[in-house]
Amino acid sequence: IPRRAARAVGALPNPGECATDCLTDRDCVPWNPGITLKRLAVVGANGQVGSELVIQLNGLPEIEVVPVVRSRAGSAFLRSLGIECRIGNVGEPAQAKDLLNGCDSILNLAHSDGFLDRNRSANLAVQRSLTLSSQADASLIFCSTQMVYAPELRCRIPATYGLEKLIAERKARIGANHANKSLFVIRLGHVLGEYQGITRKIKSEIAAGPVSLPRSGAGPSNTVFVSGLAAAMLKIAQGAVPQGTYDLISPPEWTWADVYQYYAAQLDLRLTVVDADAPRAAAMKIRSLVTKGAIDIAMQQRVRERLAF
């Protein structure tokens, strides 16, 4: 915040320096001078990811961020920070045209939950409206999820959320092709940041200790910091990357142990990790022995019956 306030009165960071307050390089959004100002609309800016993204991008000299929210109540937090918002329903093409006026890139973070059919119709309507109502040369950015890969299931069948996002991705590509517009599909994993629920959960687990993690935290976390998303938006807005589908993960990819250690260092607490799989493995072993014993007893009984016969 101090650095952002300094920029507001004309004091800019040196080229290559961090453009926002950060703790490590992973939190850093670099500033690049000499680049034409672009305007980015963030649809769904009142959500956890959207609001923190807007705060990080707000005031950067190479981009103007335009938060778009559905209601005035939803914009209260950002407005309290002095960030102007555009308020309206982007699902209605007549409103969307005014809400997106003058924006070079459109980021869709909006997602409607509820009954499956109604949920899907509302989400597809929003993306379709953004495609048709944005200016002719606008770049479209659709935020999806790495749950399309069904990472938690043995067979590759996405859960409901991942499946809905996968369908929306395909519809977004069809719409963008028909409208002759660039489309970027950004697949997010776990998004970390000071306003994110998962970050608060991690910190509370560290404070309560010890932390129970599968494989003692050795598995990949598929995490990205909001600052990583902000840096990606800057590159897309400036035309520095080709259109396509991207998995967004903060480099280098961290394990869950790395993530917890990072926040433990922030809290100045010692991290103790235990293997969450160990009790389950022991239980499965006991269950296997019990089952095997039951089978052996059954086989012995059948042999006795045959001998008696």
[X] versus [Y], closest heavy-atom pair with distance:
X	Y	value
Ala237	Ile63	CB-CD1, 4.0 Å
Glu52	Gln196	OE1-NE2, 2.8 Å
Leu107	Cys143	CD1-SG, 3.8 Å
Val65	Pro67	O-CD, 3.6 Å
Leu78	Cys85	CB-SG, 3.8 Å
Val42	Leu109	CG1-CD1, 3.8 Å

Side chains of [X] and [Y]: closer than 4.5 Å at any heavy-atom pair?
X	Y	answer
Leu81	Asn58	no
Gln261	Asp258	no
Ile174	His178	yes
Ile202	Tyr262	no
Leu57	Leu234	yes
Ser139	Gln243	no
Glu205	Tyr260	yes
Val191	Val226	yes

Can you tell me how far [atom2] of [Y] sits from [atom1] of [X], rounded to the nearest 0.5 angstrom?
X	Y	atom1	atom2	answer
Thr245	Leu183	OG1	CG	7.0 Å
Leu188	Leu248	CG	CG	6.0 Å
Thr145	Ile186	OG1	CD1	12.5 Å
Leu53	Leu229	CG	CG	5.0 Å
Leu166	Tyr149	CG	OH	9.5 Å
Asn222	Met147	CG	CE	11.0 Å

Audit row: Ser105, Met233, side-chain contact (heavy atoms from CB on, under 4.5 Å) steps and yes/no
CA-CA 9 Å; Ser105 302; Met233 294 304 102; over 6 Å; no
Short question: side chain of [X], backbone of [Y] - any donor-acceptor pair under 3.5 Å?
X	Y	value
Ser144	Val185	no
Lys181	Thr131	yes
Asp104	Arg39	yes
Arg70	Asn46	no
Ser51	Gln48	yes
Asp275	Arg215	yes
Ser129	Val126	no
Arg200	Tyr195	yes
Arg86	Asn101	yes

Neighbour count above 12 (heavy atom, 6.0 Å) for Gln135 CD:
yes
Tell me whether the count of non-hydrogen atoms from other residues, nucleotides or ligands lying under 6.0 Å of CG in Asp137 goes above 12.
yes
Using the side-chain contact (heavy atoms from CB on, under 4.5 Å) rule, take Asn123 and Glu164 through it: C-alpha gap first, then chi angles, then the decisive distance, then the call.
CA-CA 9 Å; Asn123 292 324; Glu164 289 303 304; 5.8 Å; no
Indicate, with yes or no, if [Y] and [X] share a hydrophobic cluster defined by side-chain heavy-atom contacts under 4.5 Å among Ile, Leu, Val, Met, Phe, Trp and Tyr.
X	Y	answer
Tyr246	Val49	yes
Phe184	Leu132	no
Ile141	Val54	yes
Leu267	Val211	yes
Val43	Leu40	no

With the threshold set at 4.0 Å, does a side-chain nitrogen-carboxylate oxygen contact exist between Lys203 and Glu194?
yes
Using a strict 4.0 Å threshold on nitrogen-to-oxygen distance, state whether Lys165 and Glu169 make a salt bridge.
no
All salt bridge (Lys or Arg N to Asp or Glu O under 4.0 Å) counterparts of Lys171, not counting sequence neighbours
none
Are Trp256 and His190 close enough that their ring centres sit under 6.0 Å apart?
yes
Between Asn108 and Gln127: side-chain donor-acceptor atoms closer than 3.5 Å
yes
